[in-house]
2 protein chains.
Amino acid sequence: MPRPSAADSKGRILAAAAKEFAAHGYAGANVDRIARAARLNKAMIYYHFASKAALYRDILNDMFAAVQRRVADVAASADAPAAKLRRYVEAIAVEAEARPHFPPIWLRELADGGRHIDQATRRHVRGVLAALQAILDEGARAGAFRRVNLIILHGGIIAPLMFFFATAGVRRRLLRGVPLAGADLSTAAVVAHIQQLALAQLEGKVA
Amino acid sequence: MPRPSAADSKGRILAAAAKEFAAHGYAGANVDRIARAARLNKAMIYYHFASKAALYRDILNDMFAAVQRRVADVAASADAPAAKLRRYVEAIAVEAEARPHFPPIWLRELADGGRHIDQATRRHVRGVLAALQAILDEGARAGAFRRVNLIILHGGIIAPLMFFFATAGVRRRLLRGVPLAGADLSTAAVVAHIQQLALAQLEGKVA
DNA sequence: GTCTATAAATAGATAGAC
DNA sequence: GTCTATCTATTTATAGAC
């Protein structure tokens with residue numbers, strides 16, 4: 001994955017495209033706007049990428065590759081299962097904050113039924129779940145975790161996380177003036193909350 | 001809101017459009033496809049609606065009006081706070097199952113920053129949160145609930161619910177062959193789980 | 001590698017007949 | 001209310017010069 005550098009045009013295109021796809025979705029994204037934001041022109045995009053779809057797939061793939069790398073490191077570490085679980089949640093949050101385009105693009109891709117996810121990306125997605133499963137198995141073997149449904153647990157982690165990051169705009173727009181609406185919500189507070197909920201399930205404090 | 005009936009063309013357009021917007025998003029939706037799915041032609045859409053945007057706004061508004069009506073009924077009922085909370089979660093799930101376009105459209109709209117939400121719809125969204133707040137206040141006054149952040153609690157309810165309904169397609173596509181991936185997940189099990197998590201927070205069983 | 005100019009297709013919207 | 005035909009703008013993608 002050629003990481004973006006201010007100098008090379010391909011990196012600038014990837015950065016501009018990620019922003020554009022996050023803001024407008026695949027169909028709504030405009031190749032010309034991407035080119036202008038990258039201080040280039042349309043032709044340069046087709047010099048580096050075969051098509052709009054290929055550009056989008058590259059961005060998707062990069063997102064999930066990054067997340068998988070991070071959570072695989074966590075699963076392979078020497079921490080206790082509960083600590084790994086906390087770090088798993090944190091890893092996803094870190095990646096979402098480092099790549100602000102990640103949560104909105106993932107939300108849209110879910111709504112699209114995963115239509116643009118190619119084989120490489122699918123492997124990464126499965127790798128993320130495999131890392132969580134490994135943590136759960138280890139915890140269960142150690143007697144620290146009870147067995148829970150992987151998808152229910154993962155949904156309880158990824159869904160509120162993605163919502164928190166992706167809805168900053170909507171919260172500002174819709175909840176102006178609503179008391180207790182949580183304008184003061186910090187990433188740290190949300191992450192801590194999700195960690196506690198997940199651990200409460202695994203440790204049998206809640207059914 | 002003129003409810004869809006098999007006979008009238010406006011209802012058929014609304015039904016076809018809801019499906020199209022859910023599958024492709026606002027920008028990706030195709031007016032011609034909507035017309036064909038409604039067994040009509042493009043001109044009929046512009047006879048009933050001012051524009052593609054107006055058609056989309058009507059569908060958004062209808063979704064949230066329906067949810068608000070349901071949760072307002074729950075909040076105004078005579079049940080105990082804990083029962084109301086459980087019925088609040090169930091109400092959203094019922095509405096999501098009754099309108100399969102609702103979860104994907106809402107996911108996309110979040111990613112869009114709520115760009116297409118007009119004033120009427122905004123009132124409905126706020127009304128949904130107001131109903132939850134009323135339930136929380138009542139529970140707190142009765143000494144049954146402790147005070148929690150409205151947005152964190154609501155996010156913990158709405159996010160996994162929308163994910164569950166909206167990701168059925170992705171789960172099938174991405175997780176084929178993954179053991180324990182929860183192909184057996186039922187709406188009832190997911191709803192019960194979310195109810196328990198929310199109540200655990202409110203009753204202080206988890207921080 | 002980067003650009004201008006343009007081809008080719010798509011899609012929102014409207015005119016006007018019935 | 002419903003249709004066919006069409007206008008017009010937008011947009012992906014490419015040709016070809018530098």
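Per chain, numbering begins at 1; letters A, B, ... match sequence-line order. Small disclaimer: the values here were computed from a predicted structure and weren't measured.
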Between atom [atom1] in [X] and atom [atom2] in [N], what is the gap in whole Å?
X: B/Tyr56; N: C/dA11; atom1: OH; atom2: C1'; value: 18 Å
X: B/Asp8; N: D/dG1; atom1: CG; atom2: P; value: 9 Å
X: B/His48; N: C/dT14; atom1: NE2; atom2: P; value: 16 Å
X: B/Ile34; N: C/dA13; atom1: CD1; atom2: C1'; value: 14 Å

Any chance you could lay out the side chain to side chain donor-acceptor pair (under 3.5 Å) test for B/His24 and A/Tyr26, step after step, and finish with the verdict? CA-CA 9 Å; B/His24 301 284; A/Tyr26 175 74; over 6 Å; no
With A/Asp79, the salt bridge (charged side-chain N to carboxylate O under 4.0 Å, His left out) member among A/Arg87, A/Lys84, A/Arg86: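 One option only clears the test, and that one is A/Arg87.
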So is A/Lys42 actually on top of A/Tyr47's ring, under 6.0 Å and inside 45° of the axis?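 No.
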Test item: B/Arg147 side-chain N/O and B/Ala140 main-chain N/O as donor-acceptor pair under 3.5 Å: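 No: the side chain of B/Arg147 does not pair with the backbone of B/Ala140.
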Heavy-atom count check: over 12 atoms from other residues, nucleotides or ligands less than 6.0 Å from A/Arg115 CZ?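 Atom CZ in A/Arg115 is packed in, count exceeds 12.
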Pairs satisfying salt bridge (charged side-chain N to carboxylate O under 4.0 Å, His left out), at least one member in residues 14-26 of chain A, at least two apart: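 Found A/Glu20-A/Arg33.
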Nucleotide-resolved protein contact map, nucleotides 3-18 of chain D, B/S/- at heavy-atom distance under 4.0 Å: BB------SBBBB---
